[in-house]
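This report concerns only the one structure given below.
In what follows, every chain begins at residue 1, and chains take the letters A, B, ... in the order their sequences are listed.
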There are 2 protein chains.
Amino acid sequence: MKLSTKGRYGLMAMFQLALEFGDEPISLKYIAEKQGLSENYLEQLFSNLKRDGLIQSVRGAQGGYLLTREPKDITVGQVLRSLEGHLAPAECVQHDIDCSKEDNCATKLVLMKIKDSIDNVIDSITLEDMVVETLKNNSN
Amino acid sequence: MKLSTKGRYGLMAMFQLALEFGDEPISLKYIAEKQGLSENYLEQLFSNLKRDGLIQSVRGAQGGYLLTREPKDITVGQVLRSLEGHLAPAECVQHDIDCSKEDNCATKLVLMKIKDSIDNVIDSITLEDMVVETLKNNSN
DNA sequence: TTATACCCCACTAATATTGTCAACATTCAA
DNA sequence: TTGAATGTTGACAATATTAGTGGGGTATAA
Ligand code: FES
Ligand code: FES
């Protein structure tokens, strides 16, 4: 029941983009150093995020990545789903597969409640929320 | 972000024990057939559940397993934690490790909210709830 | 005494995770 | 114009985890 590094690293990187949100593209190298992550690995994650329209890229020297919209308009859920796929605790919840032989699986009902609860949390937090809360904590 | 088969199968098996809760021990073989699971695999899961005092065993012929208390006094959370360990989306949330170099990791705040939300759901559902809900659905 | 169960441990095949690496395309700035 | 900086893509590999299988025990009811 762990979130993989894809989700965690990707979210950390997106947080950095939100923190320095503006007109200047930010290079992968900078983000990787700032957050202590592998640049090559982040590349893969950013390709997903770009495919899903959360970031845009600027090629060439002084290039880098930018959020496609304001941090307040990007949710943690959008980021995590782009990186991890749907955040369901089992296949049967995500699609409509039956993983058990049971016609009416009791476990599935529980899993669906877990999924709903996770969705509810991640869809209600935006990148801006993360930035605000972090700045608040750091100023203490 | 998937629950492993340990958690799913184990919960299905515990549900079966709850469904047939009484004085008679229920054999692994019966549960395995009923739910379409591997008997040998279930053995491993049951050893965890027993270690954590959720079930007791009766050896010998006509033996099997029994819940140690009523279904209403066993939560899904207790079952899943026995099988999967703590249900945290990352190490740093479970213990007090820092997985990032950041002093004040923004992602960690999000992960903690996810964990709290999951805990909240699984600790509020008992095996009895699962039984009641399933019987209700099946009677339709 | 024998069939039926739980008990325990070792082992493995398949899959997913977590990256690394190399070759290439595009753009900016000197 | 040229080279350095940067994104793009796809292949590859080490490691860890998952999802079991199998076998040799022990206890007990019939
Ligand atoms: S149908 Fe997926 S756990 Fe039951
Ligand atoms: S400290 Fe664990 S994700 Fe940041």
Exercise. Tell me: CG of A:L83 to P of C:dT18, nearest whole Å?
Worked result: 12 Å
For this session: Measure the distance from CZ on B:R59 to P on C:dA3 and round it to the nearest whole Å.
Result: 19 Å
Exercise. A:Y9 side chain N/O closer than 4.0 Å to the phosphate oxygens (OP1, OP2) of C:dG19?
Worked result: yes
For this session: Round to the nearest Å and state the distance from A:L42 atom CG to C:dC21 atom P.
Result: 16 Å
Problem set entry | C:dC6 OP1/OP2 closer than 4.0 Å to side-chain N/O of B:S47 | no
Problem set entry | Interatomic distance, B:Y41 OH vs D:dT17 C1' [rounded to whole Å] | 10 Å
Exercise. Between atom CZ in B:R51 and atom C1' in C:dC7, what is the gap in whole Å?
Worked result: 15 Å
For this session: Without swapping roles, check the side chain of A:T68 against the backbone of A:Q56 for a donor-acceptor pair under 3.5 Å.
Result: no
Problem set entry | Any donor-acceptor N/O pair, A:K2 side chain to B:M1 backbone, under 3.5 Å | no
Seminar exercise, completed: Separation of C:dA29 atom P from A:Q62 atom CD, nearest Å, is 6 Å
Problem set entry | 5' priority, DNA chain D, between B:L3 and B:N40 [closest heavy atom] | B:L3
Exercise. Between A:K108 and A:D98, is there a side-chain N and carboxylate O pair less than 4.0 Å apart?
Worked result: yes
Exercise. Given atom CD1 of B:I26 and atom C1' of C:dA5, what is their separation to the nearest angstrom?
Worked result: 14 Å
Exercise. For B:S38 and D:dT21, is the shortest distance between a side-chain N/O and OP1 or OP2 below 4.0 Å?
Worked result: yes
Problem set entry | Short side-chain N/O contact from A:K50 to OP1 or OP2 of D:dT8, under 4.0 Å | yes
For this session: For B:K72 and B:L127, indicate whether the former's side chain and the latter's backbone hold a donor-acceptor pair under 3.5 Å.
Result: no
Exercise. Over how many whole Å does the gap from A:E91 atom CD to C:dT15 atom P extend?
Worked result: 14 Å
Seminar exercise, completed: Taking for B:E39 and for B:Q44 the nucleotide of DNA chain C with the nearest heavy atom, the one nearer the 5' end belongs to B:E39
For this session: Would you indicate, yes or no, if D:dA19 has its OP1 or OP2 atom less than 4.0 angstrom from a side-chain nitrogen or oxygen of B:S4?
Result: yes
Exercise. So, the side chain of B:E84 versus the backbone of B:G7: is there a donor-acceptor pair under 3.5 Å, distance only?
Worked result: yes
Exercise. Which part of the nucleic acid does B:F46 contact within heavy-atom distance under 4.0 Å: base, sugar-phosphate only, or nothing?
Worked result: nothing
For this session: Measure from the side-chain heavy atoms of A:E43 and tell me the nearest of D:dG23, D:dT9, C:dT26.
Result: D:dT9
Problem set entry | Below 4.0 Å: OP1/OP2 of C:dT17 and any side-chain N or O of A:T5 | no
Exercise. Is any side-chain N or O of B:S57 closer than 4.0 Å to OP1 or OP2 of C:dC6?
Worked result: no
For this session: Mind checking B:G60 for me? I need base, sugar-phosphate or nothing, with any heavy atom below 4.0 Å counting as a touch.
Result: base
Exercise. Just by modelled atom types, is the A:T126 backbone N or O under 3.5 Å from a matching donor or acceptor in the A:D129 side chain?
Worked result: yes
Exercise. Side-chain N or O of A:Y65 less than 4.0 angstrom from OP1 or OP2 on D:dT8?
Worked result: yes
For this session: Would you indicate which nucleotide in D:dG25, D:dT6, C:dT4 comes nearest to any side-chain atom of B:A61?
Result: C:dT4
